Enquirer: 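Take this structure first; my questions come after.
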Amino acid sequence: MKGFINRIIENSFIDGPGNRMAIFMQGCNMACLYCHNPETQRMCTRCGKCLEVCETGALSIEEGKIKYNKKKCIGCDRCLEGCLNFSSPKYFEIESDELVKLILDNEMFLDGITFSGGECTLQTDFIVDVVKKVKKNSSLTAFIDTNGFIKEEDLNKLISCVDGFMFDVKAVNDDIHRTLTGVSNEVIFKNLKILAKTELLYEVRYVLVEGYNDNIEEIKGLSELLKELNDYTRLVLIPFRPFGVKTHLKNMLPFNREKYDIIYEEIYKILKERVIKKD
Amino acid sequence: MNVFEIISNTNIDYKEKRHLLAQAAENTLTYVNLSVKTEKHLKKGILCDIFEGHAPYRPRYILPDYEKFIKNGSEYLGIEPPKDMYEAVNALMIIYQYVPSITGYPVYVGQLDYILQKFVDTVSEKEARNLIKMLLINIEKTLPDAFVHMNIGPKETKAGRMILEIERELKKAVPNISLKYSKEETSPDFAKFAAEVALEIGKPYFVNHQEIKDILGENYGVASCYNTLKIGGGSYTLVRLNLKKAAQEAKDYNDFIENILPNVVDSLCEVINARAKFIVEEAKFFETSFLAREGLIDINNFTSMAGIFGLYECIELLTGLKLGHDDEATKYGEEILEKIKKVIDEIEGYGCFGTGGKIGFHAQSGIDSDIDVTAGVRIKIGSEPSIYNQIKTEGRLHKYFNTGVSDIYIFDKTARQNIDGVIKIIDAAMKSGIKVFALNTSDSELIRITGYLVKRSDVEKYNRGEALREDTVKLGAESIKNNKTLDRRVREIE
Ligand code: SF4
Ligand code: SF4
């Protein structure tokens with residue numbers, strides 16, 4: 001079985017417990033204004049735009065497919081900036097067995113693997129295939145980094161084979177959610193509640209974006225909900241940073257630190273050690 | 001510099017002048033006797049004695065048995081065996097002034113946690129902490145040399161924890177600290193604390209206790225630049241072979257292995273043995289040292305070290321392959337090291353009783369003046385593969401060395417939030433045969449946050465933003481250097 005992957009980070013300390021291999025899948029079902037990895041959102045339409053901006057000849061078209069020559073690439077990222085389609089000429093297809101081999105070859109260094117993206121759950125069958133094979137041959141754990149916009153069928157498949165979810169909540173208010181992501185958060189909260197009742201909801205993440213979702217009452221509301229749902233899920237508060245952002249938010253300043261600290265203190269009152277501070 | 005230039009130089013202080021004058025005096029003698037061919041290798045820079053001087057009168061590295069000193073006191077120094085923490089700390093501060101070495105400062109200050117633990121309960125906890133702090137500050141101020149090295153572990157002790165806590169607070173480069181680390185003996189909690197401290201201040205290094213114990217026995221120490229030697233012993237000398245320069249002499253790989261290597265390694269051993277012999281027979285070191293008279297060192301624990309460096313460039317020159325990126329390259333590396341080791345072991349090492357009569361084999365971790373040549377058997381900076389491949393490659397190469405080999409692994413700051421993950425990698429490195437694992441964090445401010453891929457353009461953008469904020473002085477060389485760290489920081493496959 002084949003999967004589409006934007007990038008693999010072999011050594012990550014921030015994508016779940018312990019040392020993990022983070023696999024960033026290509027493709028997403030949202031379009032967040034503050035997306036830090038917009039080049040992972042869509043599949044390539046082979047429009048050829050990126051070829052025009054690449055100055056090193058690292059890109060070419062062969063049999064209608066974009067070919068990427070890593071050796072020639074100098075990492076200038078012009079192709080990513082030039083792609084109007086929120087895609088990348090660099091993502092690749094990989095056989096699940098090949099990925100499994102890469103993971104198992106490095107098993108001794110790892111606590112586990114994490115699928116991220118993009119929205120990795122769009123490739124649930126691939127993930128399930130990889131996870132089953134990895135688990136058959138090792139004691140590594142598998143985590144899912146998701147925006148929560150998951151089909152019921154896929155969610156069930158994943159619940160039955162992975163060890164944890166890192167779950168983004170982009171906004172509590174549905175209108176703001178629609179503005180920020182392009183979709184309603186109804187399904188997301190439904191899934192959040194389902195997962196909270198399992199033992200798999202490792203953490204919920206919330207990126208604070210000035211003027212959008214930094215209303216303290218809403219964040220408090222989310223915290224109260226988490227407190228009510230279970231006694232273990234951590235809430236990670238992430239301050240917005242403009243890196244990688246492609247929309248008009250790219251000119252926004254990093255989230256104000258003082259404001260961040262105030263919000264953190266308030267949430268700490270509700271969730272205590274369950275709320276996690278980020279630089 | 002000639003004697004007058006040293007004396008009249010306004011850039012160096014009194015102590016440094018005295019050191020240079022002693023060196024100048026030593027160098028008025030002719031170099032220890034060498035064959036013509038070996039002199040040629042030295043002149044060409046294929047061999048390098050790291051400025052040890054023409055007529056050595058003390059071993060390069062000495063690891064006195066401080067435990068014995070604390071137990072018996074010293075007749076020569078007029079010191080009774082210490083009875084409490086005050087006396088122990090004082091005794092240590094005194095003896096350090098009497099330990100010779102190549103730099104004039106002791107390169108080994110002992111297994112301080114174990115030594116001090118015996119006295120911790122003779123005073124209150126607060127006093128113990130103050131005394132340890134005083135000792136550490138004293139070492140830093142009176143022995144201001146980056147090669148001064150302290151050991152702790154493998155077992156956790158109260159004193160060991162205090163040492164790390166205080167060092168973390170002092171944040172000084174001196175002394176170096178090595179933690180003898182073993183999954184069996186070091187408590188997970190202490191290991192985690194040590195890793196946390198290392199991510200902050202660059203030390204302690206994690207030493208593969210099991211592996212080194214198997215080679216040298218329980219009684220070993222780590223001194224100077226990752227040299228592993230027997231306590232109560234040391235190394236007469238360290239002469240190093242520049243594998244890159246040696247490779248430049250060869251017609252091809254075969255010529256290198258069959259002709260060049262045996263020839264230069266033979267010369268390497270010749271220089272080493274001539275120097276060791278001079279120390280023992282001409283300078284009569286062991287007859288004049290109170291350390292020897294009082295049994296704090298014993299010639300039976302001594303050895304010499306044959307160092308090598310530039311394996312990366314050597315392989316690249318001869319085969320076109322890149323170490324760390326090519327399994328074939330590692331195989332060539334193994335073959336080269338095996339050959340060197342074989343030639344060394346065919347020659348008798350003068351006075352090398354500490355390592356079975358053969359000269360110790362050491363991967364030398366570089367000196368300031370090395371340009372375009374990589375330390376020891378490390379992978380060239382900026383060309384490191386994924387950390388896993390780096391460890392797997394080097395693990396295969398570390399097995400040949402019995403007197404020291406190391407590498408530094410750079411983690412980004414996110415590691416600080418996930419010490420379990422760091423320990424996982426250290427443990428895997430130990431299993432892969434890495435002998436000394438030094439870790440550090442890149443000082444870059446731009447780090448990955450959860451679920452976010454750092455792109456090069458982000459790094460540049462970040463640096464541009466920084467440039468606006470910071471004054472221009474700080475830019476230039478520093479930032480370029482930092483960029484390099486950034487390059488090696490976030491590793492990934494695309
Ligand atoms: S990566 Fe983007 S710009 Fe390039 S061909 Fe695909 S869709 Fe077009
Ligand atoms: S980053 Fe993109 S545009 Fe730049 S050299 Fe590489 S492929 Fe070409």
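Convention: sequence-line order gives letters A, B, ...; per-chain numbering from 1. Computed from a prediction, not measured in an experiment: that's the story for all the values here.
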Enquirer: By a 4.5 Å heavy-atom criterion (distance strictly below it), what part of A/Asp105 contacts chain B: side chain, backbone, both, or neither?
Expert: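 Its backbone and side chain both get close to chain B.
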Enquirer: Please confirm whether A/Phe92 and A/Tyr68 have ring centers closer than 6.0 angstrom.
Expert: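 Not close enough - the centres of the two rings lie 6.0 Å or further apart.
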Enquirer: Does the gap between the ring centers of A/Phe165 and A/Phe143 come in under 6.0 Å?
Expert: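 When the ring centroids of A/Phe165 and A/Phe143 are compared, they turn out to be at least 6.0 Å apart.
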Enquirer: Under a 4.5 Å cutoff for heavy-atom pairs, which residue among B/Ile425, B/Asn389, B/Asp427, B/Ile423 has the most contacts with chain A?
Expert: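 That would be B/Ile425.
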Enquirer: Using the benzene-type ring in the case of Trp, are the ring centres of B/Tyr409 and B/Phe437 under 6.0 Å apart?
Expert: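 Yes, the ring centres sit under 6.0 Å apart.
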Enquirer: Any chance NZ of A/Lys277 has more than 12 other-residue heavy atoms, nucleotides or ligands included, within less than 6.0 Å?
Expert: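 Yes, because the 6.0 Å sphere around NZ of A/Lys277 holds more than 12 heavy atoms from other groups.
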Enquirer: Relative to chain B, which segment of A/Ile5 carries a heavy atom at a distance below 4.5 Å: side chain, backbone, both, or neither?
Expert: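 No part of it gets close to chain B.
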